[in-house]
Amino acid sequence: MTSSSLPLPTDPHSYAATGLLRAQHLRLALTVDFAQRTLAGTATWLLAGGPAGGPAELVLDTHGLLLEAVQLGEAANGPAANYHLAPANTVLGQALHIWVPAGTAAVRLTYRTVPEAAALQWLTPAQTASAHPFLFTQSQAILARTWLPCPDSPGLRFSYEATVEVLGPERGQLLALMSAENPQATAPDGRYYFRQPQPVPAYLLALAVGRLDFAPLSGRTGLYAEPAALPRAAHEFAELEAMVAAAEQLYESYRWGRYDLLMLPASFPFGGMENPCLTFVTPTIITGDRSLTSLVAHELAHSWSGNLVTNETWNDFWLNEGFTVYFERRIMEHLYGRPFAEMLQVLGEADLQHTLAELGPASPATHLRLHLAGRDPDEGLNDIAYEKGCLLLLTLEQLVGRPRLDAFITEYFAHFAFQSMSTDRFASYLTQTLLTAGEATRLQLPTWLDGPGLPAGAPVAQSARFAAVGVALAQLAAGTPPAGLHPITKEWSSQEWEYFLRGLPPTLPATDLARLDAAFHFTASGNAELLAAWFPLALRAGYAPADAALEAFLLRVGRRKFLVPLYRALLAAPGGRARAQQLYQRARPNYHSVATSTLDALVLG
Ligand code: BES
Ligand code: ZN
């Protein structure tokens, strides 16, 4: 058969065909070379399907890989395969077409990555706390193809095993970890073996190598971090087992064996990434008081919504993130009570309103179902999936009550475990198994999925704890000096301070900021969320005492969610453009490509 008779891929961001010949198991053998900044080795794909034993074509996604050989079978001396590497698309990379004769069970690809591979961040010893080199991957959304040839669609799953060998003089001190069963100690010879027995989509492939120690948190949970950072982080995440137990009480058992965290250097571009068995997490949620750990609950929740039941394409991203935000807040409510979860919900809704206003009332980018064909998903994915998706689930909660919704979600995860889900199939499953005809009419699902903004009657959260913050803000506005608010602010958590900072008039003069700073020490705060909310106020007012802290923050932290608004605020300040560009040039080597691809356009463009 020829390529034109293969079924068309239904994922606009992957060339890998969805039918007939499937890559169902990966054997990866890689060396990690810090000196050359390359991964090199082989990816062997075990195949299934094929038209009744006849020949077929296997299509894999690649992006910037240096392909050295393609062979049939698993053996190192197997016959060369016929293949064709299609012309490059700037977003999607290159389709690799491999001609697979009848009866062939595997194809073996020998390749290496380029130093600029977009998924990979190679850190020099000077960029880490441990003064050792560090490597980590970020594969979501379509970057797995920049570090291995693979079927890079969330609708295609495979199990994997990998051998990873760390090269160089430091090999005996560097630990390698993957989204799989992991070692807990460094191997003197730098060789590691990994196994992920469950089928996973390519965006959940992950690798990290660095000077890492392990601390157990319970029998099945633990934490990896650079040695100097480990004790403080272990204290911060001490409640990890309680989170897993809470999640299991809500939606049935955790299906991935161990659940560990890897705390990365601060250059990690996201808050967290739900790599199976091993969530990657930013150090910017370490506060000392455990008040930002809802982010861990979020990544944990993805072990069900996302990793078990996976969005079929990036157009269905809300199925991953909307469910996960809802689930995350249920975990937090279970552990810390309703008033705490209500604060998270109010902050999330405020973020949503902000994004809706930015995108505009008629924007298709505000629909739950996205149309990202022809675009880079990294640019098209926004807050809407998270918070509007969560509001749809809260609407269902109000409509049918928690007991019915929880039973539905439990059954949904069990029924579609290790499968992918499209928005359409979800809609029909929902209407067939949960809703009565009357309820379906009241819900107006099509408006949620394919309409802009928020449907009328979407729930609006209230928080009693934030009402108290409102009182403090009102007193401040009425002339009470900041120091006079201490009786009210004494017990505040990160969320109350965040709400307070967001509630301040955006154009307070520097003299007022100085008084606030003297009373509450924002500039000296170790809490990244508070710093990120404080610096824009300081920039707008020209409050110079915050300058050094802002600079240090931008040089150290690579989390895009913080960087984008901070550089925007910097650019908007008087004389800010030159300052932003100078600072960015210094900070840029510490940022991952996911961050620089956004910031290059913003700061240099
Ligand atoms: N899976 C996402 C991160 C992601 C999304 C990476 C899309 C690449 C493309 C992760 O679960 C996530 O949502 N992280 C958030 C934190 C969360 C608490 C909202 C983040 O990194 O800020
Ligand atoms: Zn998420």
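Whatever order the structure lists them in is the order used to number ligands and atoms, beginning at 1.
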Hey, is CD on E333 packed in by over 12 heavy atoms from elsewhere, all under 6.0 Å?
-> yes
Qualifying ring-ring contact (aromatic ring centres under 6.0 Å, His included) pairs with a residue from residues 261-287, counting only residues at least two apart or across chains = F136-F268
Residue shell around ligand 1, heavy atom under 4.0 angstrom = Q138, Q140, F270, G271, G272, M273, E274, L295, H298, E299, H302, F317, E321, Y386, R559
For Y203, the option from N311, N275, T310, N320 that meets side chain to side chain donor-acceptor pair (under 3.5 Å) = N320
Nearest atoms (heavy-atom pairs only) where A23 meets P151 = CB-CG, 4.1 Å
For the Zn ion (ligand 2), does an N/O/S atom of E321 lie at less than 2.8 Å?
-> yes
Which atom names give the shortest non-hydrogen contact between L204 and E274, and what distance separates them?
-> CD2-O, 3.8 Å
Kindly indicate, with the supporting measurements, whether the criterion ring-ring contact (aromatic ring centres under 6.0 Å, His included) is fulfilled by F194 and Y160.
-> CA-CA 8 Å; F194 304 91; Y160 77 86; 8.1 Å; no
Which angle, to the nearest 10 degrees, do you find at the Zn ion (ligand 2) between NE2 in H298 and NE2 in H302?
-> 100°
Does R369 come within less than 4.0 Å of D424, counting only side-chain N to carboxylate O?
-> yes
